[in-house]
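Values below: all heavy atoms of this structure, side chains included; hydrogens, waters and symmetry mates excluded.
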Amino acid sequence: MIVAATDTSAVTNDWAMAEVIKHPRVLKKIQEELDIVVGSGRMVSESDLIHLKPERHLPNDDITRVEISHGPDFKILPFSAGKRKCSGAPLGVKLVLMALARLFHCYDWSPPDGVRHEDIGTNEVYGMTMPKATPLMAVAKPRLPAHLYH
């Protein structure tokens, strides 16, 4: 049960990171919102999450729409649904969003040298949690004042 819980969150974060790095304009929009809500003088906190609306930055077409929570028009269900829905789903969604908010707020992300944004792999391996077929490789560059990282 512990493995399922951590693997689901890790796979969800991996997919979200891959999609955002693949679409740099989405990363820029997310960072602009984080800068407005949080600023650059502190780290994102849990209380900031209610003021963030990351879904407004997602492409609004039927092909790329992804809902991390349990809305009516989802394409992925990281914590399942119905009678077999994970009882920890509300906590899991909050932890995933907190991790992503911190990663996007603290760092500028790009593909490694020699890899184009559009070449970030988005093929999956069929299994319980549908991980990416190839691991995400990315370069993180700090974007906040150095004292916040200590």
Side-chain angles (χ1 to χ4, degrees), residues 1-112 117-118 120-122 124 127-132 135-150:
M1 193 165 194
I2 299 295
V3 172
T6 57
D7 188 47
T8 300
S9 298
V11 168
T12 302
N13 283 340
D14 195 29
W15 277 107
M17 291 291 296
E19 287 296 336
V20 169
I21 295 168
K22 188 171 186 163
H23 299 96
R25 68 175 179 73
V26 174
L27 175 60
K28 182 152 181 58
K29 286 182 180 181
I30 291 170
Q31 288 175 331
E32 286 171 359
E33 181 176 3
L34 286 162
D35 290 344
I36 290 168
V37 172
V38 179
S40 61
R42 65 180 180 89
M43 295 282 191
V44 176
S45 65
E46 186 177 343
S47 62
D48 294 317
L49 294 180
I50 60 171
H51 303 291
L52 299 172
K53 301 289 182 204
E55 67 274 2
R56 79 174 72 143
H57 305 301
L58 297 173
N60 199 18
D61 59 29
D62 291 334
I63 298 169
T64 57
R65 176 67 196 254
V66 175
E67 178 73 38
I68 292 176
S69 62
H70 298 284
D73 62 340
F74 48 78
K75 286 198 175 187
I76 61 169
L77 288 170
F79 302 101
S80 194
K83 292 191 301 185
R84 299 194 188 274
K85 177 180 171 183
C86 173
S87 59
L91 176 62
V93 169
K94 191 171 276 191
L95 290 174
V96 165
L97 293 176
M98 185 67 201
L100 292 171
R102 284 255 172 118
L103 289 168
F104 296 145
H105 185 235
C106 293
Y107 301 97
D108 280 320
W109 293 92
S110 63
H117 291 276
E118 59 269 19
I120 300 268
T122 53
E124 71 271 354
M128 291 286 289
T129 57
M130 302 288 284
K132 289 174 38 44
L136 175 62
M137 300 295 286
V139 176
K141 293 181 184 165
R143 60 185 296 272
L144 299 178
H147 73 275
L148 293 175
Y149 297 95
H150 298 288

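Met137 and Pro112 make their closest contact through O-CD, 3.2 Å (heavy atoms, listed as atom of the first residue, atom of the second, distance). Of all heavy-atom pairs between Trp15 and Thr122, the closest is CH2-O, 3.4 Å. Shown here for Arg143 and Tyr149, the closest heavy-atom pair between the two residues is N-OH, 3.2 Å.
The closest donor-acceptor contact from the side chain of Arg102 to the backbone of Met43 lies at 3.5 Å or more, if one exists at all. Distance alone, capped at 3.5 Å, places no donor-acceptor pair between the His105 side chain and the Ala101 backbone. When atom types are taken as modelled, the side chain of His117 and the backbone of Pro111 share no donor-acceptor pair closer than 3.5 angstrom.
Around the CD atom of Glu46, the shell of radius 6.0 Å holds no more than 12 heavy atoms that belong to other residues, nucleotides or ligands.
In this structure, Glu33 does not pair ionically with Lys29, as no charged nitrogen and carboxylate oxygen lie closer than 4.0 Å.
Atom-to-atom distance recorded for Leu100:CG and Leu52:CG is 11.5 Å, nearest 0.5 angstrom. Expressed to the nearest 0.5 Å, how far CD of Glu19 lies from CG of Asp14 amounts to 10.5 Å. The distance from the CG atom of Leu49 to the CG atom of Leu95 is 9.5 Å, given to the nearest 0.5 Å. Considering CG of Leu136 and NZ of Lys22, their distance stands at 11.5 Å, rounded to 0.5 Å. In this structure, SG in Cys106 is found 7.5 Å from CG in Leu148, a value given to the nearest 0.5 Å. In this structure, Ile30 CD1 and Leu103 CG are separated by 11.0 Å, a value rounded to the nearest 0.5 Å.
Not counting sequence neighbours, Asn13 has no partner by the side-chain hydrogen bond (donor to acceptor under 3.5 Å, both in side chains) test.
Contact check for Leu34 versus Phe104: side-chain heavy atoms found under the 4.5 Å cut-off.
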